[in-house]
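First the structure, in the form of structure tokens, and then the observations on it.
Just so it is clear: chains get the letters A, B, ... in the order the sequence lines come, proteins before strands, and each one is counted from 1.
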Protein chains: 2
Amino acid sequence: MSASRRDHLVETATGLFERDGFHATGIDHILAVSGVAKMTLYNHFKSKEELIIAVLDFRDRQFMAWLRAQVERSANSPEDRLLAIFDALESWFRTDTFNGCLFLGATLEYADRDHPIHVQAAIHKRHVFDYIMSLAEQTIGLDARLLSQQFLVLYDGAISVAHTLGAPIAARQARRAAEAILDAQG
Amino acid sequence: MSASRRDHLVETATGLFERDGFHATGIDHILAVSGVAKMTLYNHFKSKEELIIAVLDFRDRQFMAWLRAQVERSANSPEDRLLAIFDALESWFRTDTFNGCLFLGATLEYADRDHPIHVQAAIHKRHVFDYIMSLAEQTIGLDARLLSQQFLVLYDGAISVAHTLGAPIAARQARRAAEAILDAQG
DNA sequence: GTGCTCCTATACCAATCTGTCTGGTTACGA
DNA sequence: TCGTAACCAGACAGATTGGTATAGGAGCAC
């Protein structure tokens, strides 16, 4: 067992939360799947809520690293990279573990905007926005802020449509919309 | 009590599910808030799942009627109406009961695509798409299908961003993106 | 060896979950 | 007035929830 028990727990819980949601996934189920003892969990996390926050933090780092790598491998100019985000989305949608956005799910299940889980989930969306923004700022002649806000809408919309309708092609439609926005501004 | 007990139950449950989610809202809580007896509920619905499906059906009809009325009151040409959808969204986002998309939440909490609840929730998204499509088809010179798909992405994206980041302004950004798409096609 | 830390295993707790059962009340129509 | 249908109130069942308590095993440093 190379990874620590804590990491193993977080990774297992991530998969289960992503598949079934937060309330629907019980502590006992996470323990059974991960093969970890209950007291070990409560030794590392003082509550389920704290575990969820750790999961959101882990998934944020993991996903952002994956997204950056995917984008930077397939495109070089900032403009192409902005569009490559949607190509990355499509390949994510086509994995068989895709089940919508874990973070959006967290904000829906813990809707109170001050709830620690909601706050933690919102941080991820900020990270996505910041990444888009960093690419937009490298492209001269753009209203970087407006464009980033619009791209974030396309980004989240593609995820939602792909999930609710089971239509990975939503990513391509979002990309074409993004191209139209770029053309209108550039 | 003018409305039937059944209707009263469905409307109360809609509000609670919208605020707290499905798994987090217990039957007993719905009964306490609505002031209905447990056996009355189980007389009308054979399970919580059946109640949820009734809620999704009710909310679909209610929301679509509201959206149509809002759009048709504020714009006359099909093209203006396509854009007025996003104005309607913004006024929805600014209500103090706005809590993201109930239907998207349903598909996340019941992720299995064959689950009756997931199926029922997806129907609503189809209805939104069909409405957009009906407007797009009245506007000549458009690839109605592609445009509708892109608008649906903007529609869902605006809801998601508005909810996760608490930013009703996402609707206006979506509208500007929609204008760019229209300009590019028209 | 002794102690310390991390882990397992299992029993347990109180609360809550969905759903059932019983028995009584209210309203209304024939 | 009688019957019936809808509803209420509350107890109850069985499973599951998040979380705690207890006892002991395994690996490692001194």
Side-chain angles (χ1 to χ4, degrees), chain A residues 1-57 102 105-106 108-112 115-118 120-121, chain B residues 1-56 58 105-106 108-112 115-118 120:
Chain A
M1 196 78 56
S2 61
S4 75
R5 291 319 254 164
R6 195 197 124 104
D7 291 348
H8 181 223
L9 218 32
V10 168
E11 286 169 37
T12 304
T14 300
L16 293 175
F17 286 143
E18 197 138 9
R19 195 162 58 91
D20 299 327
F22 297 95
H23 286 92
T25 303
I27 291 286
D28 286 343
H29 190 210
I30 296 170
L31 296 174
V33 173
S34 63
V36 171
K38 194 171 241 187
M39 281 313 291
T40 304
L41 189 156
Y42 282 100
N43 182 30
H44 288 294
F45 308 97
K46 75 175 214 291
S47 65
K48 183 183 182 180
E49 178 177 317
E50 213 174 67
L51 170 63
I52 291 176
I53 289 173
V55 162
L56 293 176
D57 178 60
L102 181 72
L108 286 169
E109 289 199 50
Y110 303 89
D112 178 5
H115 194 292
I117 292 176
H118 190 112
Q120 185 69 36
Chain B
M1 195 80 55
S2 61
S4 75
R5 292 318 255 164
R6 195 198 124 104
D7 291 348
H8 181 224
L9 218 33
V10 169
E11 286 169 36
T12 304
T14 299
L16 293 176
F17 285 144
E18 197 138 7
R19 195 162 58 91
D20 299 326
F22 297 94
H23 286 93
T25 303
I27 291 287
D28 287 343
H29 190 210
I30 296 170
L31 296 174
V33 173
S34 63
V36 171
K38 195 171 242 188
M39 279 315 289
T40 304
L41 188 157
Y42 281 101
N43 183 30
H44 287 295
F45 308 97
K46 75 175 214 291
S47 64
K48 182 183 183 182
E49 176 177 317
E50 213 174 66
L51 171 63
I52 291 175
I53 288 173
V55 161
L56 293 176
F58 163 74
L108 285 169
E109 289 199 49
Y110 302 90
D112 179 5
H115 194 293
I117 293 177
H118 191 112
Q120 185 69 37

Under 4.0 Å between a side-chain N or O of [X] and OP1 or OP2 of [N]?
| X | N | answer |
| --- | --- | --- |
| A/R6 | C/dC7 | no |
| B/T40 | D/dA6 | no |
| B/H44 | D/dC7 | yes |

Rounded distance (Å) that lies between atom [atom2] of [N] and atom [atom1] of [X]:
| X | N | atom1 | atom2 | value |
| --- | --- | --- | --- | --- |
| A/L9 | C/dC6 | CG | C1' | 14 Å |
| B/D7 | D/dC7 | CG | P | 11 Å |
| B/L31 | D/dG10 | CG | C1' | 12 Å |
| A/L51 | D/dG19 | CG | C1' | 13 Å |

With sequence neighbours left out, the residues meeting side chain to side chain donor-acceptor pair (under 3.5 Å) with A/D28 are A/K38
For B/E18, the side chain to side chain donor-acceptor pair (under 3.5 Å) test, sequence neighbours excluded, returns B/R59
Taken to the nearest 0.5 Å, the spacing of B/E49 CD from B/Q120 CD works out to 11.0 Å
Hits for ring-ring contact (aromatic ring centres under 6.0 Å, His included) against B/H115, two or more places apart or cross-chain, chain-then-number order -> B/Y110
The ring-ring contact (aromatic ring centres under 6.0 Å, His included) partners of A/F17 (sequence neighbours excluded) come to A/F22
Hits for side chain to side chain contact (heavy atoms under 4.5 Å, CB included) against A/E50, two or more places apart or cross-chain, chain-then-number order -> A/F45, A/K46, A/S47
Given protein heavy atoms under 4.0 Å, the one-letter contact record of nucleotides 16-25 of chain C, with B base, S sugar-phosphate only and - none, is simply --BBBBB---
